[in-house]
Each structure stands twice: as structure tokens, then as C-alpha cells.
Amino acid sequence: MRRQAFMNKRIILAASLFLSVQVAFAQESKKENSKEKQIEEVTITKTKKAVEQKADRTIFDFSEQASLNSGSSLEGIKKLPGMVVTDIAGMMYQGKPLDVYMDGRPLNISTNDLTAFLEGMPASAIERVEVVTQPGAEFPATSGGAILNIITSKSAKNYLTATYSGGYRFSDYDKFRNRFNNSIVLNSRNKIFGWQLSAGQTYGESFSSNQMDDLSRGFGDKYSRGYFAKAALTFDLGKDRLLLNYDYYNANNDSYNNSDGTSMIESPIGSGNNVVANYLNIGKSKTKSDRNEITATYQKRFDDKNQKLDIKANYSSFKSTFDQTGQNSFFTPSGTQIFGADMDNASDQNYYNLRVDYSQPIKLLDESKISFGGLYEKTDFTTDFLGIKNLDYQRQTAATYAELNTKIKKFSFIAGLRAEDYDISGKSLNLRKNQWDDLTPFKKFELFPNASMQYDFAKSLYFNLNYNRKISLPSTGQLNPNNTTFQNPNVSISGNPNVQPTIYNNFEAKISAFDYAFISYNVSSVKDQVMMYVERDGYSISQTNVNIHSLTQHSFNVGLPVPFMIFSKPFSEIMKFNFNPDKINFLYLYAGYQFQDIKEITDKKGMWFFNVAGQFILPYNIKFAPNFSYSTKGNYYFFQSTQPIMNRVDLNFSKKFNKDRITVSLFANDIFNSSRMNFKTVNTATPIYLQNRWDSRNFGFSINYKIPTKNKLAKVDQNLLNQDTPKEDNGGLMNQK
């Protein structure tokens with residue numbers, strides 16, 4: 001027992017030492033570099049961390065982690081510890097629903113459109129991902145539970161840099177399927193301006209199969225094509241800066257579908273006699289989408305570097321079409337009846353945003369800063385069904401905020417208040433009555449306070465308490481009354497234009513040790529959560545969105561690294577700090593527990609999530625990164641998993657060549673082919689069973705090539721991620737040196 005207790009203490013202490021060595025190693029590197037004398041060239045070093053914990057967010061580096069950046073953006077995000085991605089509830093991190101941003105700006109797309117967007121962008125285009133678990137008053141109150149901020153832009157330097165990324169994957173189920181991607185990033189700057197251009201494309205072949213109760217079985221063979229381009233310019237105007245960003249994304253996806261099942265049909269037609277008949281559905285669907293975004297930012301800077309004024313204007317448009325053609329064959333006692341299954345739906349979203357943020361230090365206690373600002377945004381959203389407009393939705397928000405940050409000795413405090421005024425209205429076309437109905441309006445003035453207290457036990461070791469009140473406005477995907485996926489004769493899928501916004505009251509207590517180890521407990525009181533609702537009526541199933549009146553969500557999370565050197569080296573040697581954390585073997589252990597208390601549900605079960613990620617340095621400096629994710633069965637709002645929603649093993653081997661300019665990775669995802677999404681409803685008198693699987697097991701390789709340029713002054717030391725990340729990094733060449 002004593003030996004076991006002693007070993008446990010060694011593991012905990014060594015884990016802490018392993019984490020603290022990152023700071024020490026970075027400092028040591030600076031000392032060594034300062035002693036270097038080079039006559040013909042200058043060495044520029046940049047230190048990177050794989051994970052960085054801050055009081056309000058967790059930052060994951062994608063640029064140097066082959067296990068994350070070798071596939072699509074969605075595949076990389078799914079591998080983050082604590083991240084859960086499902087068709088039912090979208091994205092959640094440590095139990096909190098996520099509002100997805102890109103380069104500091106909300107994407108304003110969700111559900112199927114968001115999935116297609118992230119699948120169409122290679123993970124190699126991502127620099128890092130920030131998960132803001134405690135958004136302060138400077139963030140819009142509409143951030144809901146948390147924010148997933150995908151940073152794609154890199155800082156421009158005083159030389160030209162060029163990076164090419166490409167990859168290939170394949171799967172072999174019923175037939176051989178291919179996926180590949182290519183992208184390039186160019187960026188540079190001079191004394192007057194800096195610029196960046198990134199562009200790329202993806203192509204993917206995949207399948208998905210599903211079953212709904214004993215009524216419907218479907219199979220889809222999908223061909224996805226995605227194209228993106230991102231351009232940025234920044235002009236130095238004395239101390240001030242003007243930044244211009246343009247983003248473009250296009251998707252063109254085809255799906256060949258077939259399904260069979262049992263349905264109720266009138267036979268013979270016109271007889272008024274309904275009979276049960278088997279059916280066969282064969283068809284094709286095409287989804288096209290275009291997203292354009294323009295942003296202009298003016299940064300006013302002062303003699304005091306901690307004083308700043310930012311003015312940002314943003315416009316984005318998102319257009320999407322969904323076409324379905326096919327044939328339904330019903331096999332009745334009187335013969336086979338054949339009907340067409342054609343459909344033509346479209347949506348058009350326009351988003352406008354103007355934001356002003358100001359901050360400056362003030363003389364209060366040891367160190368203080370005050371921030372305030374305002375925002376105005378407008379969303380116009382319309383949908384068409386068979387060429388007929390059937391939804392006209394408008395949303396306007398005006399907001400202002402003030403926040404105080406202060407510090408006294410080992411205590412830090414944040415107190416903020418945000419006020420937002422909402423005006424949401426619209427009309428929907430009632431096809432049954434052939435008339436326009438007013439949507440349920442939402443015209444309210446709301447206050448959103450936030451508060452945080454942090455106590456620093458030591459450097460990079462702290463205890464944190466947080467509270468914030470947030471709101472989540474329904475996404476246009478949840479509002480869209482038209483279907484955007486291929487449907488069967490007995491399955492109806494649509495949005496609900498009358499769902500109401502969701503209010504969150506979030507509380508969190510967290511202990512963090514350096515950048516990896518942490519323990520946290522979160523509880524959220526939620527009102528009017530928007531959730532998928534499935535019901536069955538005889539031989540038909542309908543799926544839409546509804547508001548859950550109230551629920552309480554609990555989440556417990558813990559993460560701990562275990563370096564293997566604790567089993568072979570004495571503490572005296574470990575404490576010398578003369579090793580590189582990127583060159584050692586270790587495991588990172590994560591466990592999370594989620595429990596949702598919904599009054600309407602009697603069968604309540606929590607759900608555990610586990611993740612084990614490793615790093616092993618093999619001969620010839622080959623890096624082996626395995627990743628294992630698993631979850632227990634449990635409740636997910638109105639659903640209960642009948643099989644683990646997370647159960648996969650991913651393997652990645654990577655090596656650098658040509659003075660670290662080339663990184664080659666070989667990978668195998670879900671090697672045991674165990675990923676499934678199987679649920680049953682727990683809010684209906686009789687459970688409805690939903691099953692879905694896809695070609696999650698695939699194999700491939702990726703390559704990342706830092707193309708040599710005429711400038712030979714840039715040498716990048718890729719250890720772990722930036723140690724000084726600004727509180728709100730908006731990308732777009734914001735962090736120039």
C-alpha cells in the first residue's frame with residue numbers, strides 16, 4: 001500500500017513537473033539563443049504548445065499536430081478531449097453547446113450546413129482552435145454555453161512564406177472510396193502593408209446508412225466537393241492598423257440514395273381505402289452552398305500598449321439549395337404504384353454586424369483594466385419551397401457592455417454586464433391554409449452579467465470560479481421549415497420557425513495546473529433549450545425542433561498527463577528541466593461526466609466520456625500518436641444511447657524531413673470500425689429507435705511542405721504552441737510582429 005501510494009504521488013508530482021518544464025524550457029531556449037552568434041543569417045524562433053489552458057478558454061494547436069491536421073476540419077475537431085459531435089445536439093464541449101466562430105467572427109451556419117462546411121475544409125488550413133468556455137461581457141450574449149473559435153489566419157512576417165498541404169484517404173466497405181485535399185497558404189509583409197492568401201479544395205466519397213424503427217432503412221452514397229479562399233490585407237497607419245478580410249466557401253455535393261420500408265397508402269387511388277404497403281425509394285439529391293464574407297477592422301492604438309480601440313464592420317451571405325429527384329414504388333395488393341419524389345428547396349441568409357470595443361488600464365488596486373463597447377447586428381433569412389417563398393425571418397440586436405478586470409496580490413477579479421435588445425419577427429407560409437402566419441415574436445431587453453474570481457496558488461497553478469448568463473438564438477437551420485436532407489415516403493424532417501431563444505445561467509469551478517492538468521465542475525440552468533424532437537404516428541415518423549421548457553445540466557471534467565520518464569528517471573534528474581517536452585513519451589488522460597436533469601424524462605442516466613491520447617518517439621524520430629475515445633450509454637436530451645456514441649481508435653505516424661520543412665503522416669481512423677450513432681427516444685410512450693453509421697474507418701496519408709523561399713532568415717522551432725496568446729485573437733493578420 002505504501003509503495004502504491006508513493007507511486008501515485010510520483011505520478012502526480014511528475015505530471016506537474018512535466019507541465020512546468022514547458023515554461024522553463026522556453027526560458028532556457030531563449031537564453032541559449034541569446035548566446036548564439038551568427039554572421040551570415042539571423043535565427044527567428046517561435047515556440048508552440050500543443051494545448052494551452054487559460055482562465056476562460058482552452059487552446060489546441062493544429063498546425064504541428066499531425067494527428068489533428070491530417071483529415072478534414074470536422075475529423076480533427078472530433079478528436080479534441082471533451083468534444084462531442086452528434087447529429088442530435090450538434091457540437092458540445094465538456095457538456096456545453098458551442099457557437100462556432102472562424103477567426104473571431106461567428107459563422108452563422110449550423111446543422112447540416114455546418115457539418116458540410118467543416119467537412120469541406122481540410123484541418124491543415126487551421127492554425128489552432130480556441131474553445132472559450134467562459135465568454136466574458138465583450139463577447140455577444142448570443143454565444144450561449146461556449147464558443148468554438150477556429151483560427152485559420154497566421155501572422156505575416158517580414159518575408160514571404162509559403163506552405164502546401166495535401167492528403168489522401170480511402171475506405172473500402174461495399175466498394176472503394178477516395179478522399180483528397182489540397183491547399184496552399186502564402187503570406188508576407190513589408191513596411192507599408194501585410195497580406196495573406198490561402199486557398200484549397202477537397203473531394204470526398206463516403207456513405208451513410210440509417211434506420212428509423214421498423215419503418216425505414218436508407219443508404220446514401222455521397223460525393224462531396226468543397227472549395228475555399230481566404231484573403232487578408234493589413235495597412236500600418238502610424239500606430240494604427242486597417243485590416244481587410246475576404247472569405248469564400250463553396251460546396252457542391254451529390255448523394256445517391258435508396259431506401260425501403262413500410263408505409264400507409266391509398267389503394268386504389270381515389271378509393272378512400274388505406275392499406276399497409278412496402279415501398280422502395282430510389283433517388284438523388286444535390287446540395288449547393290455559397291458563403292461570402294467581407295470584414296473591415298480599424299485598430300486605433302495609443303502610447304499605452306494596453307489601451308486600444310477597435311472598430312469592426314462585417315457582412316456575410318450564405319445561399320443554399322437542396323434538390324431531390326427520385327421515384328417511390330409502393331407494392332400493394334392491387335399492384336405496384338409509382339410516384340415521383342421531386343423537391344426543390346432554397347435558403348438565403350444575409351448578416352450585417354458593426355462592433356466597437358475600447359479598453360484601457362485604470363489605477364485601481366494592483367492592476368486593473370476597464371473595457372466597454374457596443375454592437376449592432378441584423379439577420380435576414382428567407383426560404384423557398386418549390387420556388388415559392390415560405391419563410392421571411394428578420395432579427396435585429398443592439399447591445400452595449402462594460403467589464404472591469406482587476407488584480408490584488410494573488411487574486412484576480414472580473415465583473416461585467418452586457419445589455420442586449422432583441423427584435424425578432426417574421427412570417428411563414430401555411431400551405432394547408434394557403435395563408436401567411438405571423439411567427440411568435442421575441443421583442444425583449446435582457447441583461448447578462450458575468451463574474452469571475454481567480455486565486456493563483458503558484459505560477460500556472462490556479463483556482464477559478466465563474467458565472468455568466470447567456471442566450472442562444474435559434475439558428476437558421478433550426479428555423480428552416482423545409483427539409484435539407486433526403487427523405488423517405490414515411491419520414492418527414494423539417495425545422496420549426498417558432499422555436500424561441502435559449503437562456504443559460506452557467507456556473508463553473510476549476511483548478512488548473514500549468515497547461516494540461518485540470519479538474520472542473522460545471523452546472524447550467526437552461527430555459528427553452530432547442531432540441532430535436534421525434535415522434536411516430538402509425539406508419540409515419542416526423543422530426544422537427546422544439547423548446548425544452550427547463551433543464552439543469554451537470555458536467556464534471558478532469559485531464560491529466562502522465563510522462564513515462566517517471567518510471568525510469570529519478571526526480572533529481574527530472575527537476576533539471578534539461579529535456580524537450582516534444583521529444584518525450586507520455587499519455588494524456590481525460591474523463592468527463594454529463595448528466596441532464598429534464599423534468600419530462602423519468603429514465604435519467606448520466607454519460608461518461610473517456611479519451612486517451614499518447615505520444616511515443618520511435619526510432620528515426622518517427623512520432624506515433626494513438627488516440628482512443630469511448631463513452632458509456634446515457635441520456636442526451638430526449639434521447640438515450642443504446643450503444644456508445646464514442647468508441648474509436650485512431651493511429652497516426654509522422655516524421656519530418658528536409659530540415660523540418662516536410663512533414664509526412666500515415667494514419668488509420670477508427671481501425672476497429674466501431675463508430676455508431678444509435679439512440680432511442682425517452683420522451684415518448686413507446687421508444688423510437690434511430691440508428692446511423694458511416695465509413696468512419698479509413699486510411700491515408702498527408703503531407704505538409706514549407707516551400708523554401710529566397711529568404712533564408714526564418715527558422716521555426718516547432719515545440720509547442722504560442723505562450724502569449726491574446727485574450728481575443730480574431731485572426732486575419734491581427735498578430736503581426
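Positions are given from 1 along the sequence.
With salt bridges taken as basic N to acidic carboxylate O contacts below 4.0 Å, none links Arg301 and Asp240. Residues Asp310 and Lys312 are not paired through a salt bridge, judged by the lack of any N-O separation under 4.0 Å between the basic side chain and the carboxylate.
The CG atom of Asn704 sits 9.5 Å away from atom CD1 of Ile662, with the distance rounded to the nearest 0.5 Å. Once rounded to the nearest 0.5 Å, the distance linking OG of Ser316 with CG of Asn353 reads 9.0 Å. Separation of atoms CD (Glu127) and CG (Asp61) is listed at 6.5 Å; rounding is to 0.5 Å. To the nearest 0.5 Å, atom CG of residue Leu375 and atom CG of residue Leu354 are 7.5 Å apart. With rounding to the nearest 0.5 Å, the separation of OG in Ser555 from CG in Asn506 is 11.0 Å. With values rounded to the nearest 0.5 angstrom, Gln299 atom CD is found 7.5 Å from Lys308 atom NZ.
Side-chain atoms of Lys369 and Lys407, non-hydrogen and from C-beta on, never get closer than 4.5 Å to each other. Looking only at side-chain heavy atoms (C-beta outward), Val132 and Tyr101 stay at 4.5 Å or farther from each other. By the 4.5 Å heavy-atom criterion applied to side chains, Gln360 and Ile370 are counted as neighbours. Proximity of Ile126 to Ser73: side-chain heavy atoms (C-beta onward) are separated by under 4.5 Å at one or more points. The side-chain heavy atoms of Asn292 and Asp247, taken from C-beta on, include no pair separated by under 4.5 Å. Counting heavy atoms from C-beta on, the side chains of Asp103 and Ile151 come closer than 4.5 Å. Using a 4.5 Å heavy-atom threshold, the side chains of Ile294 and Asn314 count as separate. At a threshold of 4.5 Å between non-hydrogen side-chain atoms, the residues Phe413 and Ile408 count as touching.
Put simply, the residue from Tyr455, Phe463, Phe457 that forms a ring-ring contact (aromatic ring centres under 6.0 Å, His included) with Phe411 is Tyr455. In summary, of the residues considered (Asn468, Asn505, Leu417), a side-chain contact (heavy atoms from CB on, under 4.5 Å) with Pro449 occurs for Leu417 alone.
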- Query: side chain to side chain contact (heavy atoms under 4.5 Å, CB included) between Asn450 and Ile414: does it pass, once the steps are laid out?
  - Reply: CA-CA 8 Å; Asn450 69 284; Ile414 299 176; 4.0 Å; yes
### Task
Kindly determine whether Leu404 and Ile362 satisfy side chain to side chain contact (heavy atoms under 4.5 Å, CB included), including the steps that lead there.
CA-CA 10 Å; Leu404 174 66; Ile362 60 174; 3.8 Å; yes
_Set out, in order, the CA-CA distance, both residues' side-chain angles and the distance that settles side chain to side chain donor-acceptor pair (under 3.5 Å) for Tyr376 and Gln396, then state yes or no._
CA-CA 8 Å; Tyr376 173 80; Gln396 297 183 73; 2.7 Å; yes
Practice task
Could you walk me through whether Lys410 and Tyr462 pass the side chain to side chain contact (heavy atoms under 4.5 Å, CB included) test, one step at a time?
Solution key: CA-CA 9 Å; Lys410 293 186 176 182; Tyr462 57 83; over 6 Å; no
**OP:** List the steps, then state whether side chain to side chain contact (heavy atoms under 4.5 Å, CB included) holds for Asp366 with Lys409.
**Re:** CA-CA 7 Å; Asp366 294 344; Lys409 296 183 178 179; 4.2 Å; yes
- Query: side chain to side chain donor-acceptor pair (under 3.5 Å) between Gln454 and Asp456: does it pass, once the steps are laid out?
  - Reply: CA-CA 7 Å; Gln454 178 174 307; Asp456 299 328; 2.9 Å; yes
Fill in: Criterion ring-ring contact (aromatic ring centres under 6.0 Å, His included) on Tyr315 and Tyr352, from CA distance to verdict
CA-CA 5 Å; Tyr315 165 75; Tyr352 312 84; 5.2 Å; yes
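Taking the six-membered ring where the residue is Trp, Phe442 and Tyr422 present tilted rings, their angle falling between 30° and 60°.
Here Tyr467 and Phe507 bring their ring centres to under 6.0 angstrom of each other. For Phe372 and Tyr358, the distance between ring centers is under 6.0 angstrom. Between Tyr164 and Tyr705, the distance from one ring center to the other does not fall under 6.0 angstrom.
Looking only at atom types and distance, the side chain of Ser452 has a donor-acceptor partner in the side chain of Asn466 under 3.5 Å away. Using modelled atom types, one finds no donor on one side chain facing an acceptor on the other under 3.5 Å when comparing Glu293 with Tyr249. Checking Asn405 against Glu367 by side-chain atom types alone, no donor-acceptor pair falls below 3.5 Å. Side chain to side chain, Asp380 and Tyr351 fail the donor-acceptor criterion of an N or O pair below 3.5 Å.
Atom NZ of Lys378 has more than 12 heavy atoms from other residues, nucleotides or ligands within 6.0 Å. Other residues, nucleotides and ligands contribute more than 12 heavy atoms inside 6.0 Å of the CD atom of Gln307.
Closest approach of Ile77 to Phe62, counting heavy atoms only: N-CZ, 4.0 Å. The two atoms that bring Tyr504 and Ser472 nearest to each other are CE1-CB, 3.6 Å, heavy atoms only. In terms of heavy-atom proximity, Tyr590 sits nearest to Asn557 at OH-OD1, 2.5 Å. The minimum heavy-atom distance between Gly373 and Thr400, with the atom names listed, is O-OG1, 3.0 Å. In terms of heavy atoms, Phe445 sits closest to Asp421 at CB-OD1, 3.7 Å. Summarising the geometry of Thr663 relative to Lys656, their closest heavy-atom pair is OG1-CG, 3.6 Å, with the distance given to 0.1 Å.
For the pair Arg469 and Phe448, the cation-pi criterion (under 6.0 Å, within 45° of the ring axis) is fulfilled. A cation-pi geometry, defined here as NZ or CZ lying under 6.0 Å from the six-membered ring centre and within 45° of its normal, holds between Lys510 and Phe518.
For the pair Asp304 (side chain) and Asn306 (backbone), a donor-acceptor distance under 3.5 Å is present.
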